[in-house]
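One structure below.
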Amino acid sequence: MGNVLNILFCLSLLYLATTTRVTGYLKVFVLQSILLFFIVMLPLLSHFSVFTLLLPLTILIVKAILIPGYIRKKIIYELEIKTTIESNIQQFNFLLLTVFTMVAVFVFSNLISKDAAVDPVPFAAAFSSVVTGLYVIIFRKKLIVHVIGFLVMENGIFLLGIAVASEMPFLIELGMLLDIFVVVFLMGIAINKISSTLAADEVSVLDKLKN
Amino acid sequence: MLVLFYILILPLLAGGLFFIPGNKKLKYQMSLLVSVIHLAASYMIFTGFAQPVVSQWFRIDAFSKLFLLILSHVYFWVVLNSWHFINQPDLYSPEKSRKIFFSMMNLYLFANTLALISNHLGLYWVALESTTLTVAPLIYYYRNKESLEAMWKYLFLISVGIAFAFIGILFLALSAHGTDIFEKGLFLSDLIEGSSRLNMVWLKAGFIFIFAGLSTKAGIAPMHPGEVDALSNSPSPVAALVSASLSGTALIGIFRLMQITAGTPVHQFAQVLMITGGVVSLLVALVFMFRVTNYKRMIAYSSVEHIGLIVLGAGIGGAALIGSMLHMIYNSLNKTAMFLMAGNVHRRYKSRESGDVRGVLKNMKWTGILFMTAFLAVIAMPPFGLFFSELMIFRGLVEQERFILLGVVLFVLLFIFIGMSRQTFAILYGKSERESEGIEEVNEKFNITHFTALALLVLLAAAGLFMPDTVTGVINQIAGELNR
Amino acid sequence: MEIISKILIYLIFILAAPLFIGIVNKLKARSTGRIGPSIFQAYYDLRRLMRKETIYAGSASFLSRLAPVVSFVSILFAGMILPIGFTRPLISFSGDLILFAYLLGLSRFFQILGAMDIGSSFEGMGAAREATFAVFAEPIYFFTLGSLAFIFGQTSMYGIFHSITLKDPSFLVFIVVASISVFFLMITETSRMPVDDPNTHLELTMIHEVMILDNSGQDLFLYQYSAYLKILIYATFTSNFFNPFNAQNYVVGFLVYLAVMMLLIGCLVWVETMLGRFKMKSIPQYLLFAASIGILNLLIYSFFRK
């Protein structure tokens, strides 16, 4: 069953690579958050208690509801961002790059899993999510898309945390809670201000700082 | 235990309290008091007067002592200058920023101190994130388009870097899997002690990621853009703070990793990685020094160059390691002075472009002289300390018979000198067209910034010539930690 | 005895091809509020074409006479490899899935040759487009079917589809996902929306239609019949993914087959009605997406299930 969730996770990454709309990106992120919720819930189904449910529920609420809602409401509606993402390289090449990376990551994690006690499929899925998020940040122009790319990367890190250190919930919570904080801070203040002081919210406007 | 209170809780309280709107002068004086107490406390820790009883979460070893002293020192001077800075006319200091300035500074001090003395990588990571968060509003001080851009880039790029560092920490946790270190909760002291029991593959992977992630924050190429952009577009006290103390905090993370890997086969690899990072930083500084047209950016690239030297020295080890630790101290002193002077120039000439600035030596007597002196120091002219520390790094290179590396480094440093001096002298001398535009021909008064810069430069020269034994003692301890 | 029943089944299959497309067209019309042609319209069209005169272009060579026949015959043979319902196909040996792919490829190759042979730039343009999309569509087939072959250790189509059982519940997701991939493939290979509009005759937008523009009479009959057969073959191929029941009873198997085909028709109609035609430059990306689903399945299941 765990495998299924990971497949869906990777599929969502593929969809991220093909879609050309900002709302598409957002949908992928929401899907990933819901999948994460189930992935986290899965091993906990055996020992049920209110305590253990707390973390997954928080994740679900913050990642799948609050953050996308905030993005959708404040940023997309209020600021009337054009729905297309703007890309630095062709869509086809981006998808090709993502697929190649995924293959490389899976092969690599297969090799690694012989060495250490990691579950190879979640590890590979998580790692490809991190790299795909990185690609989104590198190859896309819009700021809000950068933020979503960062969120996707974080999802990957979270999944990595689960795959690697599932016995140390402390570490995982650490990563998540602070990252969420960072992202909220990032978005809430920076983007709102950016859109109100800059005419367009594309990164090309941010080139003023270059020599 | 009380010492911990002074360095940790006091700034936190101050930071929290200063959110309450009130008399700014009072806040300034209280912040100054806090910083003096902090300085005194870290000095006592440094000399061993105070041996705080620590819980397992804190670790006051040689690294912490040195870096803590550097932090306190720089912070003290910056806070000293902040009153002058805040009282600039309104178009330079928006009211909103002024209100939160002191609270942010104190929170920064708290977060930074926490990072330096933490014994758990997770805690370190959280504290590091917090420093980013507290510095960001400070970068945004002027509240215009450029500073918004700078803040966004800084926040974003650093966060990506820190996310990578987190992956590294996860890998480190993985490498400790199955050992008792894992059971006990992954404390740094356990990791260092039991490093031979760790899984080498994952340790290596963890090192790579943590190094890559922290390079974003420290300003090691090729992950330097975030740092450089922030430094060139933030107000000068903030730039001084970031360049002098924050890069140190990022570096301590890398050094902790080195502590862990010392004595294991991964150490070689770690050293190679550090040397590579150092050389690439030097090369990047070289290239950009000729292309840069903004004098604050030039200082930022000089910062990249010096961090590169530090990392290079640390990677080489031996005498070079000692040199790079000394370099850290001197660099912090020097950069603070430079940025403060650059801030003065900016205020007077209202532009950051070197093309617009001419004749500083004539128009702003004190700033000009001090800027020139700071420049001479940064290119390692004796008797300033940087000369001696660089010499030690070179000595380390020679001892290890890495002559090619030595040649490359010397070559790069020479050309960086050429590039930097070209701009600096252009700024200092010459007649600018803008003179006719009516830059006030007022004679510059000797104010607190000049006093600070003067004091720092004198300290730099003195410390170069006469290094107190306590310092060498601590540095030797550091070398010992890394050479197990 | 078996052979006879197999041939019989196959004959019925061939004869039912125009009916399939008739149903699709009728439903499509209904769903947009039109009455539409009768479901037997395709038969009437074929009968009409049989009686018409075949005209060849002046610049055509022997290829123009050869191409329709080869194309039709290779599709016929490809159909023989396909398991219909759950019966054992006429041709079945280890490795026949590659033969299947390349028989269909042969058919397309001759269509392209025939189109280019005429010498008109119209057909050339269509041929170029068709060839490009074929290149991107092939990986979909091989990755999807290849991953199945890898997992089950069988290389015969019949063997593969009969090893799909619901033993492992995660297979369900795998199958659904793979069938989505193959659905994309079907749409591409048979030139339906959103890859190619079968109703358009504007020069900028035609892909498949333009290749047969200059054919008439028996040639056109053969081409049209090949197209109908191709759709039915691909639909059956897709429906095979949903045969996990391993029904031993003929009747049950046949009923399941019918049900799945109905479902497929519904999906096809829905897609054709809802989606407009994609921009041509984004079609390779669309195909790569389908292929990468196959690649993903391959990665996850083959690396980690041994």
Side-chain angles (χ1 to χ4, degrees), chain A residues 1-21 24 28 35 38-39 42 84-85 87 89-114 118-129 132 163, chain C residues 132-133 135-140 142-144 146-148 150-151 166-184 187-188 194-195 275-276 278-306:
Chain A
M1 195 52 197
N3 263 356
V4 175
L5 294 170
N6 288 307
I7 297 177
L8 290 177
F9 200 83
C10 292
L11 279 180
S12 67
L13 286 179
L14 287 179
Y15 184 67
L16 189 71
T18 54
T19 187
T20 50
R21 292 175 302 153
V28 168
L35 283 175
F38 282 116
I39 293 181
L42 220 54
T84 52
I85 59 163
S87 163
I89 61 171
Q90 282 190 334
Q91 274 290 77
F92 181 74
N93 295 340
F94 189 79
L95 182 57
L96 203 58
L97 184 64
T98 309
V99 172
F100 269 138
T101 316
M102 240 187 232
V103 171
V105 165
F106 269 83
V107 170
F108 175 70
S109 92
N110 196 28
L111 291 173
I112 284 275
S113 68
K114 302 196 175 87
V118 269
D119 203 359
V121 176
F123 182 81
F127 212 80
S128 22
S129 178
T132 307
Chain C
T132 313
F133 296 151
V135 164
F136 289 110
E138 199 161 308
I140 304 179
F142 278 111
F143 276 118
T144 311
S147 59
L148 277 178
F150 210 63
I151 295 172
L166 280 180
K167 256 187 301 181
D168 189 346
S170 59
F171 269 167
L172 195 59
V173 174
F174 174 54
I175 290 196
V176 169
V177 163
S179 58
I180 294 179
S181 231
V182 176
F183 188 72
F184 281 16
I187 290 181
T188 313
V195 170
L275 291 180
F278 282 170
K279 278 195 239 185
M280 257 194 240
K281 63 173 179 171
S282 52
I283 292 182
Q285 177 200 319
Y286 169 77
L287 294 172
L288 184 60
F289 179 64
S292 51
I293 295 182
I295 297 178
L296 191 65
N297 276 329
L298 184 69
L299 285 176
I300 294 190
Y301 277 101
S302 52
F303 271 144
F304 306 116
R305 295 210 78 249
K306 287 296 168 72

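The sequence lines fix the lettering, A, B, ..., with proteins before strands; numbering per chain opens at 1. In this text the structure is predicted, and so the values were computed from the model without any measurement.
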Revision key, fill the gap. Heavy-atom nearest pair, Val103(A) first then Leu299(C), reads CA-CD1, 3.8 Å
Check your understanding: Atom OG1 in Thr19(A), atom CZ in Phe289(C): separation rounded to 0.5 Å?
Key -> 9.5 Å
Exercise for review: Answer yes or no: does atom CZ of Phe278(C) have more than 12 heavy-atom neighbours from other residues, nucleotides or ligands under 6.0 Å?
Suggested key: yes
Check your understanding: Within the distance-only criterion (no hydrogens, no angle test), does the side chain of Gln285(C) pair as donor or acceptor with the backbone N or O of Thr18(A) below 3.5 angstrom?
Key -> yes
Review point. Chain A: which of Val177(C), Ile295(C), Ile293(C) shares the most heavy-atom pairs with it under 4.5 Å?
Key: Ile293(C)
